[in-house]
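Taking it in order: structure first as structure tokens, then the write-up.
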Amino acid sequence: MSPSGRRERPREPSLDPCGRRSSETIALPGRGTLQLLQCSRVSSPFVEILPRMRARDLSLFTLKETPAEAELVSHRLMLRAGLIRSLSQGLYTWLPLGLRTLRRVERVVREEMDRSGAQELLMPAIQPAELWQESGRWDKYGPELLRLRDRHDRPYCFGPTHEEVITDLARRELRSYRQLPVAWYQIQTKFRDEIRPRFGVMRAREFLMKDAYSFHRDETSLADGYEKIFAAYSRIFTRLGLDFRAVRADTGSIGGRSSHEFHVLAQAGEDLLALSDSGPYAANVELAEALSVLPGRAPPTQPLTRVPTPGIRSCEDLARHLGIPLEKTLKTLVFVRETSAGPRLALLLLRGDHTLNEVKRAKVPGLEEARYATEEEIRRELGAGPGSLGPLGVDLQRVLVVADRTAAAVSDFAVGANEDGYHDTGVNWGRDLPEPTVADLRTVVDGDPSPDGRGRLRLQRGIEVGHVFQLGTQYSERMNATFRDEDGSERVFWMGCYGIGVSRIVAAAVEQNHDERGIVWPAAMAPFDVALAPVSSQSDTGVRRAAESLYDELRSRGYEVLYDDRELRAGVMFADLDLIGIPHRIVLSPRLLAADKLEYVARRGSASRELRRDELFRLLEDDRRRDPAL
RNA sequence: CGGGGCAUGGCGCAGGCUGGUAGCGCGCCUGCUUUGGGAGCAGGAGGUCGGGGGUUCGAAUCCCUCUGCCCCGACCA
């Protein structure tokens, strides 16, 4: 057949465009005809409009070369496989192939949310400013909130989240404890004007999110609802085939009580997680509890000595200069806190090899609103500059001294002398200076003892794909959202909120499932289940006919099949299908056909196998049964 | 917002310092050959070199300015 005949290649008259022997055709007034198919996946007569699953009818925009803008593997592969295209900073178009995957993620999320008892609804993306002013977030949220004005000059925002709208709905519609508890969710486009969007849809400004909110009569019911959603999330990420962990999380700006994040483990992750190597403990390092790494404090053995240390500023320099281990030095960080008597300094002491955790600092009583001191403030109070600061001899009436648990357990340590160019060595708490206030101040490091006493903490990177919060009553109180309780009293709702980054999941999945040839989709979110690849189909009618018939058979067995009818060279076709990452590939060729065989190869790994038709169907069936997602 | 970089056919890049008629690979179109891992040969189309201003006989190249995008830090699904 001549290449020019490609476009108008006549279809087999006995086959419809789906490869079926016959199909029903109905006429639509003024709009041509529609072909209807019987779908045997469902037992009741079920008709569906012909889906576009032939490669020639699908906009497959694969790229041989990587666009220069993409840094991260998932971003590169999503562009190359033709899942997404960028429109502008942090804004992406989902191409037909990518949208299929996005929809499959949505489907799993919907099914599990529904199963948990939550009900789907859909709220406006644009929200009036008044609601945000009522909750107090109009001023608090900052530049991340995209603010708009309509033609009447009334202020609105494009919703980055929907606590206000849902609370407003609840206070209007929920009046009695009899209507509680209730959980509502939606899957919707959100916009957050991120400081720095990056990594494709991983951190886009516009993204697809599943957000859920629950309303309860009391704290117990809230804890109960939280558990249910937590379980639903675990099922969702399991079904999606992701390697994930739920970790304790900081409640951050949203506030509230208990909170967990769900992370997909991946090197490219932006979060650091602390996971116990032999127990259940798992937390974001932002709040992972740091125990003292020392068994106890050893008794003093050295005399307090002041030594000259010209030009020494860091603990590393100090340790090298004095020839002592870094673990025998303490660093002093100076903060300013507001007190009733005016601004006062606070010294935070950490062991030389440890770093301050700002989230923890903000939880120390008296230091919630503290800030780093300026050099001028430090000199005025301590008489020396950064590099030579320490806790010795400070006026404890004026200065608060807080030591990290480990720092408080060090003996015979070296620390700044509050005299430029000098440090003290052989310093001991209790002997040379008063015992400090002790707090958990530092960020955990790999190998720290696990806070639950079981094993050691290992640090791993994760991509946050879900977050669950027990909000409590802050929104309901601010927005006066109340119901009538059993005893006739008026009470505010106890609320929970729960998010899943639907579009981010796609990127996270690619990050976790790829090889040098392209994406290797987990079954549940693959854009197609099976790729059908006929070789030499342009010259061999038999191959084409067999492909059409197999395509038909697979579809009738409920598989979503990408039939590659592009009549490309085998190498090009295989490279494309590998890049796209469809789990199962079936090859047809004249040689195979003559032997009455098909070639099967799984995208994930193993070598190809030559099978008979019935063997192939059994293999696919077994695979489907093994995978809980399908 | 601070720091760094980039902008040249659809994609990936060279050219720029030293101004003088814009080039390579891939892709695309046509024809012939080829046909199981990104084919070969021949022919062809496609670029106001991100926008504006300036210097110059002459600017992709030098100067000014604006815009967009990417990377590194403070945010979050």
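Order of the sequence lines fixes the chain letters, A, B, ..., with proteins taken first and strands second; residue numbering starts at 1 for each chain. Reckoned from all heavy atoms, side chains included, excluding hydrogens, waters and symmetry mates.
- Spacing between atom NZ of A:Lys64 and atom C1' of B:rG10 amounts to 14 Å, rounded to whole angstrom units.
- For the P atoms, the distance linking B:rA39 with B:rC26 amounts to 11 Å, nearest Å.
- Among the nucleotides B:rC75, B:rG37, B:rG36, the one closest to the side chain of A:Glu144 is B:rC75.
- Between the CD atom of A:Gln89 and the C1' atom of B:rC69 there is a distance of 8 Å, rounded to whole Å.
- When distances run from any side-chain atom of A:Ala68 to the nucleotides B:rA77, B:rC75, B:rC13, the shortest one goes to B:rC13.
- A distance of about 29 Å separates the P atoms of B:rC72 and B:rC63, rounded to the whole Å.
- Phosphate proximity of B:rC76 to A:Arg192: absent, as no side-chain N or O sits under 4.0 Å from OP1 or OP2.
- Pair assignment for B:rA60: none, as no Watson-Crick or G-U wobble contacts are both less than 3.5 Å.
- The interatomic distance linking A:Glu194 (CD) with B:rA74 (C1') rounds to 12 Å, in whole Å.
- In the displayed structure, A:Glu368 atom CD is contacted under 6.0 Å by more than 12 heavy atoms of other residues, nucleotides or ligands.
- Toward the 5′ end of RNA chain B lies the nearest nucleotide of A:Ala70, the other residue of the pair A:Glu261 and A:Ala70 mapping further downstream.
- In this structure, B:rC24 and B:rG12 make a Watson-Crick or G-U wobble pair, each of the two defining distances being under 3.5 angstrom.
- On the C1' atoms, B:rC70 is 24 Å away from B:rG52, given to the nearest whole Å.
- Applying ring-ring contact (aromatic ring centres under 6.0 Å, His included) to A:Trp184 and the options A:Tyr498, A:Phe215, A:Tyr213 leaves one that passes, A:Phe215.
- Summarising the base pairing, B:rA39 is matched to B:rU33 through a Watson-Crick or G-U wobble pair whose two defining distances lie under 3.5 Å.
- In this model, no side-chain donor or acceptor of A:Arg196 finds a partner on the base of B:rC71 within 3.5 Å.
- Judged by distance alone, the side chains of A:Tyr92 and A:Arg205 never bring a donor and an acceptor atom under 3.5 Å apart.
- Taking every side-chain heavy atom of A:Val587 into account, B:rG36 is the closest of B:rG38, B:rG36, B:rC76.
- Atom name P, nucleotides B:rG51 and B:rC57: the rounded distance is 24 Å, in whole Å.
- Contacts of A:Val465 with the nucleic acid, taken as non-hydrogen atoms under 4.0 Å apart, involve only primed sugar atoms and P, OP1 or OP2.
- Distances from the side chain of A:Phe199 to the nucleotides B:rC72, B:rC69, B:rG36 place B:rC72 closest.
- When distances are taken from the side chain of A:Asp576 to each of B:rC76, B:rG36, B:rG38, the shortest belongs to B:rG38.
- Within the nucleic acid shown, A:Ala570 comes within 4.0 Å of sugar-phosphate atoms alone, with no base atom in reach, counting heavy atoms only.
- B:rC24 and B:rA14: their C1' atoms are spaced 7 Å apart (whole Å).
- The nearest whole Å value for the distance from the CG atom in A:Leu145 to the P atom in B:rC75 is 17 Å.
- With distances taken from any side-chain atom of A:Phe574 to the nucleotides B:rC76, B:rG37, B:rC71, the minimum falls on B:rG37.
- Within 4.0 Å of A:Ala204, counting heavy atoms only, lies at least one base atom of the nucleic acid.
- For the C1' atom pair drawn from B:rG20 and B:rA59, the interatomic distance equals 10 Å after rounding to whole Å.
- Among the protein residues, A:Arg585 comes within range of the nucleic acid bases, having at least one heavy atom under 4.0 Å from a base atom.
- Put simply, A:Ser86 has no side-chain N or O that comes within less than 4.0 Å of OP1 or OP2 on B:rC69.
- B:rA74 is unpaired under the criterion used here, namely a Watson-Crick or G-U wobble arrangement in which both key atom distances are under 3.5 Å.
- Ring to ring, A:His467 and A:Phe262 are not that close: their centroids are 6.0 angstrom or more apart.
- Atoms CD1 and CZ, from A:Ile187 and A:Arg110 in turn, are 4.0 Å apart once rounded to the nearest 0.5 Å.
- Ring-base stacking between A:Phe207 and B:rA77 is satisfied, the centre separation being under 5.5 Å and the plane angle under 30°.
- Nucleotide B:rG68 forms a pair with B:rC6, judged by Watson-Crick or G-U wobble geometry with both contacts under 3.5 Å.
- Comparing the same atom, C1', in B:rG4 and in B:rG40 gives a spacing of 45 Å after rounding to whole Å.
- Not a single donor-acceptor contact under 3.5 angstrom links the side-chain atoms of A:Arg80 to the base of B:rG12.
- The aromatic ring centroids of A:Tyr141 and A:Trp132 lie less than 6.0 Å from each other.
- Taking atom CD on A:Glu270 and atom P on B:rA77, their separation rounds to 12 Å, with Å as the unit.
- Across the protein-nucleic acid pair, A:Glu65 atom CD and B:rC26 atom C1' stand 5 Å apart, rounded to whole Å.
- Side-chain N/O atoms of A:Glu599 and base N/O atoms of B:rG36 include a donor-acceptor pair closer than 3.5 Å.
- A:Phe574 pairs by the ring pair (Phe, Tyr, Trp, His ring centres under 6.0 Å) definition with nothing, not counting sequence neighbours.
- Side-chain atoms of A:Arg56 come within 3.5 Å of backbone atoms of A:Asp565 as a donor-acceptor pair (strictly under, hydrogens ignored).
- Rounded to whole Å, atom C1' of B:rC69 lies 13 Å from atom CG of A:Leu87.
- With distances taken from any side-chain atom of A:Ile195 to the nucleotides B:rG38, B:rC75, B:rC11, the minimum falls on B:rC75.
- Of the possible donor and acceptor atoms, none in the side chain of A:Glu111 sits under 3.5 Å from a partner among the backbone N and O of A:Val108.
- For A:Arg198 against B:rC70, no side-chain N or O and base N or O form a donor-acceptor pair under 3.5 Å.
- We find that CG of A:Asp564 is positioned 15 Å from P of B:rG37, with the value rounded to whole Å.
- Distance noted for atom P between B:rU65 and B:rA77: 40 Å (whole Å).
- Nucleic acid contact class of A:Leu79 (heavy atoms, under 4.0 Å, all strands): none.
- Which of B:rC11, B:rC69, B:rA77 sits closest to the side chain of A:Glu69 comes down to B:rC69.
- Here A:Ser589 lies in heavy-atom contact (under 4.0 Å) with a base.
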